[in-house]
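A short worksheet on the structure shown next.
Everything quoted here is computed from the prediction, not taken from an experiment. Values reported hereafter were calculated over all heavy atoms of this structure, with side chains retained and with hydrogens, waters and symmetry mates removed.
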Amino acid sequence: MSIRGVLASTLLLLIPAPAFAFSSAGSTATAFIILVLGSFTILNLILNALFYFAGRYQSRRFSKVHSLCSLIIPAIALVLTVIDHRGFADMAFNIGLIIIAVALALLPLQLTLSKRAQSPHGSLILALGALVFLTIAYLFPPVALFSILVAHMALKSHSDNKARIIAFVALIIGYPLMAYWLYQTLQKLIS
């Protein structure tokens, strides 16, 4: 680079530029959608795969309950989007992401139509899935809730001793981890 280029670059760095301050108006809903709804959707897709390969979607009632529970987070995101938005573009972007999350939350109803037979190793699949969620929960403690739910599902199915032991281990570790995270969160909110 020539001396003129260096001198011109130095002068341009010294010229004051306007500061564009960040306003948090309208960003709460977008942050919730990206962080919470996105993470929940990915974890729910893993749950869908676990329950599908374990054969739990034979029951139409189970699929409906799973879909209804999966729609809670998108409903919260929709309320936040309606309450907290900057303009039409921001709201359209957020609603588009919510529609995708709702479509993926309704996936268990579609998987029920495939009539996949219940796997003889279904409880073992669920118990190992609970352990996978538990390992993720050590980095992100709210995921312990998924581990607890899957471990209970593994215990409810007709499981062998190996699957029961794995599910009990996931429950014994998952409940205190979830309780500790809730305690820490409440402490941060109170103070």
Subject >> Derivation and outcome, side-chain contact (heavy atoms from CB on, under 4.5 Å), residues Ile98 and Phe93 >> reply: CA-CA 9 Å; Ile98 292 169; Phe93 174 73; over 6 Å; no

Original post:
Tyr57 and Asn48: side-chain contact (heavy atoms from CB on, under 4.5 Å), yes or no, with the steps?
Top reply: CA-CA 9 Å; Tyr57 288 137; Asn48 288 341; 3.0 Å; yes

Original post:
Which is it for Leu43 and Phe133 under the side-chain contact (heavy atoms from CB on, under 4.5 Å) test, yes or no, and what are the steps along the way?
Top reply: CA-CA 9 Å; Leu43 293 172; Phe133 279 124; 3.7 Å; yes

Subject >> Criterion side-chain contact (heavy atoms from CB on, under 4.5 Å) on Phe32 and Asp84, from CA distance to verdict >> reply: CA-CA 11 Å; Phe32 181 84; Asp84 185 33; over 6 Å; no

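The closest side-chain donor-acceptor pair between Asn44 and His66 falls under 3.5 angstrom.
The two residues Ala54 and Gly122 make their nearest non-hydrogen contact at CB-O, 3.6 Å. Among all heavy-atom pairs drawn from Leu37 and Leu97, the shortest one is CD2-O, 4.4 Å. Taking both residues in full, the closest heavy atoms of Ala170 and Leu131 are given as CB-CD2, 4.3 Å, listed atom of the first, atom of the second, then distance. For the residue pair Ala127 and Ile166, the shortest heavy atom distance occurs at O-CG2, 3.4 Å. Here the closest non-hydrogen pair linking Leu45 and Leu107 is CD2-CD2, 4.1 Å. The minimum heavy-atom distance linking Ala77 with Ile33 is given by the pair CB-CG1, 3.8 Å.
Counting only heavy atoms from C-beta outward, the side chains of Val132 and Val150 never approach each other to under 4.5 Å. Residues Phe40 and Phe146 have side chains in contact (heavy-atom distance under 4.5 Å, counting atoms from C-beta outward). The side-chain heavy atoms of Leu106 and Leu71, taken from C-beta on, include a pair separated by under 4.5 Å. When side chains are defined from C-beta on, Met153 does not count as touching Leu149, because their heavy atoms never get closer than 4.5 Å.
The number of heavy-atom neighbours closer than 6.0 Å to NE2 of His121, taken from other residues, nucleotides and ligands shown, is 12 or below.
Remark: the backbone N or O of Thr81 is not paired with any side-chain donor or acceptor of Asn94 at under 3.5 angstrom. A donor-acceptor contact shorter than 3.5 Å links the side chain of Thr112 to the backbone of Pro108. The closest donor-acceptor contact from the side chain of Ser39 to the backbone of Val36 lies at 3.5 Å or more, if one exists at all. Using modelled atom types, no side-chain atom of Ser123 and backbone atom of Ala163 make a donor-acceptor pair closer than 3.5 Å. The backbone N or O of Lys64 sits nowhere less than 3.5 Å from a side-chain atom of Ser67 that would complete a donor-acceptor pair.
Considering only residues two or more places apart in sequence or on other chains, Thr41 meets the side-chain hydrogen bond (donor to acceptor under 3.5 Å, both in side chains) condition with none of them.
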For residues 176-191, which side-chain N or O atoms pair as donor and acceptor with protein atoms under 3.5 Å away, sequence neighbours left out?
residue, atom, partner, partner atom, Å
Tyr180, OH, Gln184, NE2, 3.2
Thr185, OG1, Trp181, O, 2.8
Ser191, OG, Gln187, O, 2.9

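Placement of Val65 and Tyr52 in two distinct hydrophobic clusters is found when ILVMFWY residues are connected by side-chain heavy-atom separations under 4.5 Å, directly or transitively. Side-chain heavy atoms closer than 4.5 Å link hydrophobic residues (I, L, V, M, F, W, Y) into clusters, and following such links, possibly through other members, connects Ile99 to Val102. No chain of hydrophobic side-chain contacts below 4.5 Å, direct or via other Ile, Leu, Val, Met, Phe, Trp or Tyr residues, connects Met91 to Ile34.
Remark: Arg56 fails to qualify as a cation-pi partner of Phe51 under the 6.0 Å distance and 45° angle criteria applied to the six-membered ring.
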